[in-house]
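Written out below as structure tokens is the structure these notes cover.
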Protein chains: 2
Amino acid sequence: MVQKSKKPPSAAKIEAPVAPKRRGRPRAYEPDVALGKALDLFRRDGFAATSLDDLSAATGMNRPSLYGAFGDKRELYIKSYQRYRSEARAAMVDIFRADAPLRERLERIYRIALDIYLSGESGPRGCFTVMTAASEAVSDPDIRTMVLEGLTELDKAFGICFRHAKERGELPDGADPASLAHLASATIHTIAIRARARVPRRELEAIVKGAIDVMCGPK
Amino acid sequence: MVQKSKKPPSAAKIEAPVAPKRRGRPRAYEPDVALGKALDLFRRDGFAATSLDDLSAATGMNRPSLYGAFGDKRELYIKSYQRYRSEARAAMVDIFRADAPLRERLERIYRIALDIYLSGESGPRGCFTVMTAASEAVSDPDIRTMVLEGLTELDKAFGICFRHAKERGELPDGADPASLAHLASATIHTIAIRARARVPRRELEAIVKGAIDVMCGPK
DNA sequence: ACTTTTTTGTACCATTTCGCATTAAATTCC
DNA sequence: GGAATTTAATGCGAAATGGTACAAAAAAGT
């Protein structure tokens with residue numbers, strides 16, 4: 001798809017975010033909310049168990065529109081996963097950046113994680129990366145790349161946290177930030193899995209608390 | 001299925017493990033190996049993406065035989081999962097029972113876990129519980145029960161390990177065996193996920209080593 | 001008003017999927 | 001050898017699946 005003449009060269013104004021006066025029949029859906037619905041389905045049922053009919057029903061788009069907007073099923077899955085990752089990142093990035101004590105930062109991160117994993121009308125939704133993407137990762141290189149990115153991104157964010165905390169003297173000298181970061185990620189993963197098995201929030205919070213105590217040293 | 005007259009009442013001998021002289025045409029397959037093949041498929045592709053044709057081809061049984069031997073697809077899946085769990089348990093139970101120092105026991109457990117997760121001709125197979133069963137767990141109560149059993153079984157086994165170690169003085173007084181057990185399980189879960197994304201064994205071993213150092217205190 | 005462009009909606013196709021009905025084969029019991 | 005029994009093998013059928021062709025609809029440009 002060679003895009004020429006997409007930007008009107010005379011437009012001195014910044015591209016208006018709304019009503020760009022498209023040419024043909026207007027869309028009957030909003031791509032963003034449709035992608036959100038698709039994400040919900042894929043996340044609940046996985047790639048194979050989600051049919052185009054399901055997606056069509058959930059998004060309100062008929063199949064040709066779906067296809068036109070997002071490409072085939074696999075592309076839609078990948079776009080959904082991208083969307084999930086960027087949402088998850090957005091929900092956590094502020095906390096990771098924040099300049100708060102280690103324990104408090106961890107508590108907030110895990111609270112957000114539990115919110116994400118436990119929400120959902122038809123049961124807890126778990127983590128897209130852990131629950132469905134990792135399964136596809138063996139056979140699909142593109143998805144595998146995204147999963148690996150997601151995993152290392154989380155490791156790195158935690159790693160920065162712990163390194164920062166160590167510099168501040170919040171951790172003993174012997175502490176290894178990299179190992180602690182992996183343990184912090186592992187705790188994310190274990191609660192994602194348990195959430196999916198409908199372990200109640202209370203228990204997950206207890207697991208998180210215990211993990212934080214081990215990682216930070218007892219309060 | 002009311003089973004009467006299954007045990008010949010005159011049989012004073014112990015049931016012969018082979019050649020019980022069944023009545024009709026002999027089976028062309030061995031149920032155990034067939035179930036093993038089915039397990040491999042389900043584990044690699046998950047429930048929905050594994051078709052009866054795939055299963056038929058892998059086991060060498062045609063569909064009616066499959067159906068007769070194991071019931072429908074869902075039953076076969078559940079039987080496969082049961083088989084997986086009992087194999088995994090068998091591979092680990094000796095180590096959990098063994099009377100070795102904590103660190104050594106952990107090292108051996110994780111070595112076995114990596115063996116299980118990384119084996120497979122068409123890529124690493126990961127953990128059945130984590131990869132495919134947990135996905136089904138939201139919607140299927142029976143599978144959910146099994147997943148929960150698997151999770152708590154692992155927690156308990158690790159818990160006994162750490163409690164034992166603490167009694168022996170291998171852990172500091174402040175150590176909480178339950179929290180450590182959850183972290184040990186979490187480490188199992190995180191390497192299962194990463195294995196599925198083809199993270200090389202070296203890296204997984206490094207993660208395990210770091211986790212053990214944190215849990216046991218540095219060597 | 002007419003053309004152009006973009007999207008919708010219906011319908012269709014080829015394939016796959018699960019499950020089962022039926023027939024043929026292989027073995028034991030009498 | 002023949003009846004009974006258990007399994008294998010073939011194949012059918014209804015439903016679902018992913019994908020697409022095609023015409024109608026709704027907007028903007030001329």
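Throughout, a chain's letter reflects where its sequence line sits, starting with A, and its residues are numbered from 1.
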Looking at residues at least two apart in the chain, or sitting in another chain, which of them share a side chain to side chain donor-acceptor pair (under 3.5 Å) with [X]?
| X | answer |
| --- | --- |
| A/D72 | none |
| A/E205 | A/R201 |
| A/S86 | none |
| B/T145 | none |

| Of all pairs that satisfy ring pair (Phe, Tyr, Trp, His ring centres under 6.0 Å), the ones with a partner from residues 113-142 of chain B, not counting sequence neighbours | B/Y77-B/F128, B/Y81-B/F128, B/Y84-B/F128

| message | Please list, in numerical order, the residues of residues 40-52 of chain A that have a heavy atom closer than 4.0 Å to any atom of DNA chain D. | response | A/T50, A/S51, A/L52

| remark: Numerically ordered, the residues 58-76 of chain B set in heavy-atom contact under 4.0 Å with DNA chain D is B/N62, B/R63, B/P64, B/S65

| query | When you measure from the side chain of B/R63 to the backbone N and O of B/D53, does any donor-acceptor pair fall under 3.5 Å? | reply | no

| Any donor and acceptor pair, going by atom type alone, linking the side chain of A/R196 with main-chain N or O of B/A137 inside 3.5 Å? | no

| message | Testing A/L55, A/L41, A/L39, A/T50 one by one against A/L76 for a side chain to side chain contact (heavy atoms under 4.5 Å, CB included), which residue passes? | response | A/L55

| remark: Judged by nearest nucleotide, the residue sitting upstream toward the 5' end of DNA chain C, A/Y29 or B/D53, is A/Y29

Atom [atom1] of [X]: over 12 foreign heavy atoms under 6.0 Å:
| X | atom1 | result |
| --- | --- | --- |
| A/R97 | CZ | no |
| A/E30 | CD | no |
| B/K37 | NZ | no |

Under 3.5 Å, side-chain donor or acceptor atoms of residues 177-195 of chain A against the rest of the protein: list the pairs with distances, not counting sequence neighbours.
from, atom 1, to, atom 2, distance (Å)
A/S179, OG, A/D176, OD2, 2.6
A/H182, ND1, A/A178, O, 3.4
A/S185, OG, A/D155, OD1, 2.6
A/S185, OG, A/A181, O, 3.4
A/T187, OG1, A/L183, O, 2.9
A/H189, ND1, A/S185, O, 3.4
A/H189, ND1, B/T190, OG1, 2.7
A/T190, OG1, A/R194, NE, 3.1
A/T190, OG1, B/H189, ND1, 2.7
A/R194, NH1, B/D155, OD2, 2.7
A/R194, NH2, B/D155, OD1, 3.0
A/R194, NH2, B/D155, OD2, 3.4

| query | Can you name the residues that form a salt bridge (charged side-chain N to carboxylate O under 4.0 Å, His left out) with B/E149, not counting sequence neighbours? | reply | B/R85

| query | For DNA chain C, what residues of residues 132-139 of chain A have any heavy atom nearer than 4.0 Å? | reply | none

| request: In whole angstrom, give the distance that lies between atom CG of B/L55 and atom P of C/dG19. | output: 11 Å

| said: Nearest whole Å is fine: how far is C/dG19 C1' from B/Y77 OH? | reply: 21 Å

| field | A/S119-A/R125 side chain donor-acceptor pair, cut-off 3.5 Å | value | yes

| request: On DNA chain D, reading 5' to 3', which nucleotide is the first and which the last to sit with an atom under 4.0 Å from a heavy atom of chain B, could you check? | output: D/dA4 to D/dC12

Please list, for nucleotides 25-27 of chain C, all pairs of protein and nucleotide N/O atoms separated by less than 3.5 Å.
from, atom 1, to, atom 2, distance (Å)
C/dA25, O4', B/R25, NH1, 3.4
C/dA25, N3, B/R25, NH1, 3.3
C/dT27, O2, B/R23, O, 3.1

| said: Please determine whether side-chain contact (heavy atoms from CB on, under 4.5 Å) holds for the pair B/F42 and B/D54, giving the CA-CA distance in whole Å, both sets of side-chain angles, and the decisive distance to 0.1 Å. | reply: CA-CA 10 Å; B/F42 276 132; B/D54 296 336; over 6 Å; no

